[in-house]
Amino acid sequence: MNEVQPQLDELLFWSVENVSVESVDVADAVVRVEARTLASGAACPGCGCWSERIHGSYLRFPRDLPTAGKLVVVSLRVRRFVCAEGSCPRKTFVEQVPGLTRRFGRRTERLRSTLVSVGLALAGRAGARMSDAFGVRVSRNTLLRLVTSLPDPPTATPRVVGVDEYAQRKGRVYGTVLVDVETRRPVDLLPDREADTLAAWLSERPGIEIICRDRAVFYAEGATRGAPQALQVADRWHLWHNLGEAAEKCVFQHRACLRPAPAPLEEPKPAPDSPVSSPWPTGHRFAERTRAKHAAIHALLAAGHSKRSIARQLGMGLNTILRFSRAAEPEQLFTGQWQSRPTKLDAFKPYLDQRWQDGCTNAWKLWEEIKEQGYPDGYGRVRDYVSRNLRGKPQPVGPRPPSARAVTRWILTHPDALAESDQLQLKAVMANCPELDALARHVRSFAHMLTQLQGHQLPEWIEAATTANLPSLQRFARHLERDLDAVTDLGASR
């Protein structure tokens, strides 16, 4: 055993000093290695004072890397020392073996570093499956905790930094992400979108030369205060995205122009007016029940039955029979609750009918549209009106018109990249609507400036866009004018 022990020390703990292997016990599934420390003393982690006075000892059982498909557990006897410094708040402390243990650690350092490498390469779920394959069963959360416990790698101050927002909880909580534009790697995350937070971060890094940012007011203010020496550049992706949103609003406002004008039809001959018009359509349960009773009562009267006899046969009151017998048509009985009463929806029914003819058959979307126009009631009344009055109406014969989003996509796409069918439909739409034709010209001229970095032409484009009869495009142009310097310097980040 005296000859084997140095070999075991060198094999098992070749990178660890002051550890001696006393025995190795191999069971069916576990290899237990008993070891002890050989250091004469240890430094107090609180004050750094060296101590050789032993207070006691106990066993630690950190898990090690598996070998030959078996788990390896180290039974390590460590000592507790008494701190010799009287002013130190620690009275006793436990020695740690560098390269083997750490405080509260349940794994050896080499097993921990191996799991960290797996977590960095494969992240949570895939890393947990890989660890299980080589005999270390850990959860995905354990791997993620090991990865997040690593210190942040040292990063140099970027020359060109990108500033944008990210959602911690979409629609509620947002933060700021900072990216090195030249290496395309994230640099830091800020907890909010406040100008003070961004200014404080930039002021600590005076080497930043260019800030490529969103056009939000708080980012502009923070960049100006935190890095006055840096050149501010508007991010091209946000510019194009904002232009796309404005273009879609313009197309939606002219959605009536997306359907080609139908050919004029011959006017039908007017039908003779009926003496009494029915306030309820065919199929309404109350109307059908009244019509059936009216027909049964008048059939029995025509057969010669008396009104009292009819009341007994049908189980009705005599007054009800008298009322039905006096009505020549069942529609004369539709009084009171049968009559159509004015509702809050009446003012919006012509708009709903027109949108139905335009091809919008979604009751929820129709409700949202009239709600923006001031409709005060809920969705249920719109749904009932659509199901009872509009579902049976025929829509115009012909192909379904393109949606506003599809037309916007055609306008934002380069003409050479459009399919032939899309080009034909876009030409038909622009020929039918001069405003959308003007919108397409403005969008394509802006795209040419954006890709060719011709920022000097921007004031002329803004002047042309503000005079167009397109309110959404006018608002976009006015917002560009407020941040004109950052938008004009687009080419500086290249």
Side-chain angles (χ1 to χ4, degrees), residues 162-167 170 174 177 179 181 193 210-220 223 231-255 257-258 372 402-419 422-423 425-427 429-430 432-494:
V163 182
D164 196 5
E165 64 181 10
Y166 74 96
K170 191 172 182 180
Y174 285 88
V177 58
V179 181
V181 176
R193 298 181 295 182
I210 301 175
I211 300 176
C212 184
R213 59 169 175 80
D214 185 1
R215 293 186 300 114
V217 177
F218 40 83
Y219 286 150
L231 176 66
Q232 297 186 35
V233 178
D235 182 69
R236 288 181 295 170
W237 183 90
H238 284 94
L239 286 174
W240 188 249
H241 179 70
N242 297 148
L243 177 62
E245 291 178 338
E248 185 174 358
K249 291 178 181 177
C250 293
V251 175
F252 184 78
Q253 290 169 356
H254 293 270
R255 60 188 177 276
C257 303
L258 304 183
E372 293 179 357
S403 64
R405 180 166 294 182
V407 176
T408 306
R409 177 175 56 83
W410 298 339
I411 293 175
L412 295 175
T413 304
H414 195 280
D416 297 339
L418 273 178
D422 296 341
Q423 291 182 7
Q425 292 188 73
L426 180 59
K427 287 182 180 179
V429 169
M430 292 191 299
N432 197 32
C433 183
E435 287 80 5
L436 295 184
D437 188 18
L439 173 66
R441 291 198 304 270
H442 288 302
V443 168
R444 288 170 181 172
S445 62
F446 188 87
H448 181 75
M449 288 190 302
L450 197 65
T451 54
Q452 302 301 321
L453 305 179
Q454 298 175 349
H456 60 280
Q457 298 180 3
L458 186 60
E460 183 181 351
W461 185 91
I462 292 176
E463 183 179 357
T466 51
T467 57
N469 188 20
L470 299 165
S472 298
L473 189 66
Q474 291 176 359
R475 286 193 295 271
F476 172 74
R478 285 194 293 267
H479 289 166
L480 289 182
E481 198 170 12
R482 297 174 187 172
D483 203 12
L484 187 60
D485 293 338
V487 178
T488 305
D489 293 330
L490 277 172
S493 61
R494 277 196 166 184

Notebook entry, point to check: Just wondering, are more than 12 heavy atoms of other shown residues or ligands nearer than 6.0 Å to CD in E245?
Noted result: yes

Check: Is any side-chain heavy atom of P402 closer than 4.5 Å to a side-chain heavy atom of W410?
Finding: yes

Checklist line | Nearest-0.5 Å distance that lies between atom CG in D164 and atom OH in Y174 | finding: 11.0 Å

Notebook entry, point to check: Hey, is CD on E481 packed in by over 12 heavy atoms from elsewhere, all under 6.0 Å?
Noted result: no

Notebook entry, point to check: Tell me, do Q253 and P471 make a side-chain contact under 4.5 Å, heavy atoms counted?
Noted result: yes

Notebook entry, point to check: When rounded to the nearest 0.5 angstrom, what is the spacing between CZ in R255 and SG in C433?
Noted result: 12.0 Å

Note to self: Do R215 and L239 have side chains that approach each other closer than 4.5 Å (heavy atoms only, starting at C-beta)?
What the structure shows: yes

Check: Where is the tightest heavy-atom contact between L473 and C250, given as atom of each residue plus distance?
Finding: N-SG, 3.7 Å

Next item on the list: Verify the neighbour count for atom CD of E460: are there more than 12 heavy atoms of other residues, nucleotides or ligands below 6.0 Å?
Entry: no

Check: Tell me, do W240 and V443 make a side-chain contact under 4.5 Å, heavy atoms counted?
Finding: yes

Item checked: Contact summary for C257 and N432, nearest pair of heavy atoms -> O-ND2, 2.8 Å

Next item on the list: Answer whether the closest heavy-atom distance between the side chains of L480 and F446 falls below 4.5 Å.
Entry: yes

Checklist line | Smallest separation among heavy atoms of P459 and H456, with atom names | finding: CD-O, 3.5 Å

Notebook entry, point to check: What pair of heavy atoms forms the shortest contact from A223 to R213, and how long is it?
Noted result: CB-CD, 4.5 Å

Check: Looking at K170 and A167, what are the two nearest heavy atoms and their distance?
Finding: CA-CB, 3.9 Å

Checklist line | Close side-chain approach of Q232 to Y219, heavy-atom, < 4.5 Å | finding: no

Next item on the list: Hey, could you give me the OG1/NZ distance between T408 and K249, rounded to the nearest 0.5 Å?
Entry: 12.0 Å

Check: Backbone N or O of A404 within a donor-acceptor pair of the E248 side chain at under 3.5 Å?
Finding: no

Checklist line | OG1-CZ distance between T413 and R444, expressed to the nearest 0.5 angstrom | finding: 9.0 Å

Item checked: Separation of F476 CZ from I462 CD1 (nearest 0.5 Å) -> 8.5 Å

Next item on the list: Would you give the length of the straight line joining atom CG of L418 to atom CG of L412, rounded to the nearest 0.5 angstrom?
Entry: 10.0 Å

Margin query: Tell me the closest heavy-atom pair linking I411 and A440, and the distance in Å.
Written below: CG2-CA, 3.8 Å

Notebook entry, point to check: Is any side-chain heavy atom of L439 less than 4.5 Å from a side-chain heavy atom of H254?
Noted result: no

Notebook entry, point to check: Counting heavy atoms not belonging to N469, are there more than 12 under 6.0 Å from its CG?
Noted result: no

